[in-house]
Amino acid sequence: MGGWAIAVHGGAGVDPNLPAERQEEAKQLLTRCLNIGISALRSSLPAIDVVELVVRYHSPFSVRELESDPLFNSGRGSALTANGTVEMEASIMDGDGRRCGAVSGISTVKNPISLARLVMDKSPHSYLAFSGAEEFAKQQGVEMVDNDYFITEDNVGMLKLAKEANTILYDYRIPITGLESCAASVESPIHMNGLPISVYAPETVGCVVVDGQGRCAAATSTGGLMNKMTGRIGDSPLIGAGTYAGELCGVSCTGEGEAIIRGTLARDVAAVMEYKELGLQDAVDYVIKKRLDKGFAGLIAVSNKGEVAYGFNCNGMFRGCATEDGFMEVGIWE
């Protein structure tokens with residue numbers, strides 16, 4: 001075994017005009033999350049516990065939550081639907097036995113990633129959604145809050161901007177002063193499933209871990225797209241698309257969900273490692289270059305050998321990674 005390794009992400013496709021202070025806030029949060037995971041790994045927690053721990057608060061290690069920090073698009077601060085509500089989704093996978101759990105359409109569960117873990121551990125199913133997932137959450141006694149808890153002033157402003165522009169926004173981090181300062185302009189739109197999307201920005205949080213025993217795990221959580229249709233489901237809760245973990249690696253994706261779904265991006269990293277016998281970084285590079293079609297996305301990955309890798313084909317990706325031999329990196333741009 002090559003020792004433990006961990007990587008986290010906070011979204012791919014960063015607006016180059018993102019204020020410096022917001023960039024620094026993101027880096028600080030990613031660093032804290034890495035340190036939470038590092039402490040847990042040094043305490044010999046298994047990989048599946050560490051990925052949940054990093055995405056969601058879990059004492060005694062964590063002092064902040066990715067899902068409760070409105071800086072990223074998951075939990076509190078999630079993107080709003082066209083109706084002004086929050087519908088969150090998350091998934092978690094344990095490479096040891098390829099067990100998994102996923103949820104969608106979550107509107108009152110404070111930490112969707114922990115509900116996904118309960119689906120994996122406490123139900124006979126792999127995926128629960130909307131009213132069924134909420135009812136299961138009540139049965140399990142998880143912490144519930146009003147939908148208003150997840151809604152922030154910034155996101156209300158971004159939804160207003162999205163409706164005025166008649167478009168979908170990939171997150172709330174675009175300055176609310178207007179579309180002219182965004183990474184992609186209305187005159188030169190990207191497309192999602194063949195339809196023009198005027199603005200592209202980062203989304204989603206995720207964590208991948210390999211522990212000292214070579215066990216891989218992955219977790220991903222998101223609020224989805226700003227101004228999305230009610231009932232829309234993205235890649236984050238889909239095992240094999242946004243999240244995957246097996247014997248060889250753990251992968252979490254972020255970016256244009258529809259493109260990630262079409263390319264089954266997370267599973268493809270494991271597949272090319274297995275069938276083409278590529279190393280981790282080569283597998284990540286192959287999938288980013290060959291499987292995204294015209295989509296914009298990124299991913300983080302770890303291998304059972306203690307390696308860590310990432311890749312993206314857009315302006316940038318909020319990410320951080322660390323390994324047992326002392327390597328640590330936090331970055332946004334290429």
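Predicted, not measured: the structure shown is a model, and the values here were computed from it.
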For the pair [X] and [Y], find out whether any cationic side-chain nitrogen is under 4.0 Å from an anionic carboxylate oxygen.
| X | Y | result |
| --- | --- | --- |
| Glu25 | Arg22 | yes |
| Glu134 | Lys138 | no |
| Arg117 | Asp121 | yes |

Counting only heavy atoms not in [X], do more than 12 fall under 6.0 Å of its [atom1]?
| X | atom1 | value |
| --- | --- | --- |
| Lys122 | NZ | no |
| Asp325 | CG | yes |
| Glu21 | CD | yes |
| Glu334 | CD | no |
| Met229 | CE | no |
| Glu247 | CD | no |

Side chains of Val50 and Leu41 in contact at under 4.5 Å (non-hydrogen atoms): yes

Heavy-atom side-chain contact between Leu45 and Asp211 under 4.5 Å: no

Checking the side chain of Asn313 only, and the main-chain atoms of Gly295 only, is there a donor and an acceptor separated by less than 3.5 Å? yes

